[in-house]
Amino acid sequence: MANKGGKTKSSSPRWDESPRQTLVAGADFKLADFDRSSTPGWQLGKDAAEEFLLERGALLSELQERLFAAGKFADPRRVLLVVQGLDTAGKGGIARHVLGMVDPQGVALASFGVPTKEEASHHFLWRIRRALPKPGRIGLFDRSHYEDVLVQRVEKIVEEPVWRKRYGEINRFEKKLVDDGVTIIKVALMVSHEEQAVRLAERIVRPDKKWKYNPGDIDTRQKWDEYQQAYQDVFTETSTDYAPWHVIPADNKWYARLAITELLVQALIDMDLDWPKPRWVEDVQLRRLSETMDDAENERVTEALDGLVSEVSEDLAEFSVEVEAADDDAAAGNTSAKPGDAVRDDAAAAGDSATSSANTPTPDKKSKKSKSEKSEKADKKKPDRKGNKAGKNKKKKKDGKSKKGKKSE
């Protein structure tokens, strides 16, 4: 099938294996053995990835708009994307190049640095709770509550009994969020020691990068091994079935952005988002509108609505095709269990003991509707959309095209 830009979409999965399977930090995950220059599940190279990112960006934008609309109608669901990584890992690029593809009014960005005096006077999760996204939003944490078991541990800001107890507190906190309708996507951008050196050197030399550099970055780099161990313990203790960690090889920025986009798209598809149905009656509201218009305005509105049903039906059908293609990518390579595909179970993770070693296999993903069921669902929607979106629908299409044309750097 051809998309609106005239390009033919691939009928086969682009991913050899879904990032959900290849990047999850399971019970056997060893950060020391992790290849930070690899591109797990993607064998088509950078150019194909950048082209595919634009396609996925259009789908991500539509899904995000559906989530935002649902939030306006008392749907409590929201998404929290937690991004961790050492200096130069590319955290800022995720905000710009991934969430930059969606409507900014539906994004809540929060960055957590050194706690302020007020923040330090409260429990370490106090500032996190205040920054959580509202229903219908995608929240992005550039650094997060995990700083309190990473930086505060390595820099010896708190004693070991304090930071070690926090693993259990974090797990209980995240379990409650999930129970309250928050989908948590945790990604750790892991850059190699060599690549970090190159990026730091660029920041020191390039005029357009100097503002990013902090002499303290070298001090942190000197504690590389301590930070790597701290990250390993974070993955071991807090990668749960309800909020697993995905460890992203970050030497190739294009791959990191593509993989995180895919994780977001698949998470939103799993939410089975639909356009909310208002309580008002379409015919009644059209009649009320008509009473406010003169003959010329009535003629223009009639012209605008002409063919709108088929146009909306086409949009819904195209959306279903894109979702089915993403479903195929999500299922790619997921034919059998792989070593290390286990995460901490609910009891161990949310319990009081932060050092429990209990593990269970990764649970099956949420079952997805068959393609025929999705097609039927799209068909049922067709008559419901009749005059609903009028000129707004055309504006949305133009906006969507401009997003597709925006290429990631």
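Below, each value reflects all heavy atoms present in this structure, side chains not excepted, and no hydrogens, waters or symmetry copies.
A salt bridge links Glu119 and Arg127; the closest N-O separation between the charged side-chain nitrogens and carboxylate oxygens is under 4.0 Å. Ion pairing between Arg77 and Asp180 fails under the 4.0 Å rule for side-chain N and carboxylate O. At a threshold of 4.0 Å, the pair Glu237-Arg164 does not count as salt-bridged, since none of the basic side-chain nitrogens sits closer than that to a carboxylate oxygen.
Val247 places none of its side-chain heavy atoms less than 4.5 Å from the side chain of Leu23. Glu226 has its side chain out of reach of Arg153: every pair of non-hydrogen atoms, C-beta onward, lies at least 4.5 Å apart. Residues Arg78 and Ile138 fail the side-chain proximity criterion, which asks for heavy atoms closer than 4.5 Å. Considering only heavy atoms from C-beta on, Val191 stays 4.5 Å or farther from Arg36 through its side chain. Side-chain contact between Ile157 and Trp163 is absent, with no heavy-atom pair separated by less than 4.5 Å. Taking 4.5 Å as the limit, some side-chain heavy atom of Gln84 sits within range of a side-chain heavy atom of Arg143. Between Ile94 and Leu99, the closest side-chain pair of non-hydrogen atoms is not below 4.5 Å. Between Leu80 and Leu132 there is a side-chain heavy-atom pair separated by less than 4.5 Å.
Interatomic distance, Asp103 CG to Leu67 CG, rounded to the nearest 0.5 Å: 11.5 Å. Interatomic distance, OG1 of Thr292 versus CZ of Arg288, reported as 9.0 Å (0.5 Å rounding). Within the model, atoms OH of Tyr146 and CH2 of Trp245 stand 5.5 Å from one another, a figure rounded to the nearest 0.5 Å. Considering CG of Leu200 and CG of Leu86, their distance stands at 10.0 Å, rounded to 0.5 Å. Once rounded to the nearest 0.5 Å, the distance linking CD1 of Ile185 with NE2 of His246 reads 8.5 Å. A distance of 9.5 Å separates CG in Leu289 from CD in Glu291, rounded to the nearest 0.5 Å.
Residues Trp15 and Glu262 bring a donor and an acceptor atom of their side chains to less than 3.5 Å of each other. Using modelled atom types and a 3.5 Å distance limit, the side chains of Gln229 and Asp233 yield a donor-acceptor pair. Residues Gln196 and Arg199 bring no donor and acceptor atom of their side chains to less than 3.5 Å of each other. Under the 3.5 Å distance criterion, with hydrogens and angles disregarded, a donor-acceptor pair is assigned to the side chains of Tyr227 and Glu155. A donor-acceptor contact closer than 3.5 angstrom links the side chains of Gln232 and Thr236. With hydrogens and angles left out, the side-chain atoms of His193 and Arg221 include a donor and acceptor closer than 3.5 Å. A donor atom on one side chain and an acceptor atom on the other are found under 3.5 Å apart for Ser192 and Asp251. Under the 3.5 Å distance criterion, with hydrogens and angles disregarded, no donor-acceptor pair is assigned to the side chains of Arg137 and Gln105.
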Salt bridge (charged side-chain N to carboxylate O under 4.0 Å, His left out) between Asp219 and Lys223: does it pass, once the steps are laid out? CA-CA 7 Å; Asp219 299 328; Lys223 299 172 183 177; over 6 Å; no
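Under the 6.0 Å cut-off for aromatic ring centres, His145 and Phe124 do not qualify, their centroids lying 6.0 Å or more apart.
The neighbour count for Glu160 CD, taken as heavy atoms of other residues, nucleotides or ligands under 6.0 Å away, is above 12. Around atom NZ of Lys134, no more than 12 heavy atoms belonging to other residues, nucleotides or ligands sit under 6.0 Å away.
Ring planes of Phe235 and Tyr231: tilted class, angle from 30 to 60°. Using cut-offs of 30° and 60° on the angle between ring planes, the pair Trp42 and Phe52 is parallel.
Looking only at distances, a side-chain donor or acceptor of Ser239 sits under 3.5 Å from a matching main-chain atom of Ala25. In this structure a side-chain-to-backbone donor-acceptor pair under 3.5 Å is present from Asn171 to Tyr167. Between the Lys186 side chain and the Ala243 main chain, a donor and an acceptor come within less than 3.5 Å of each other.
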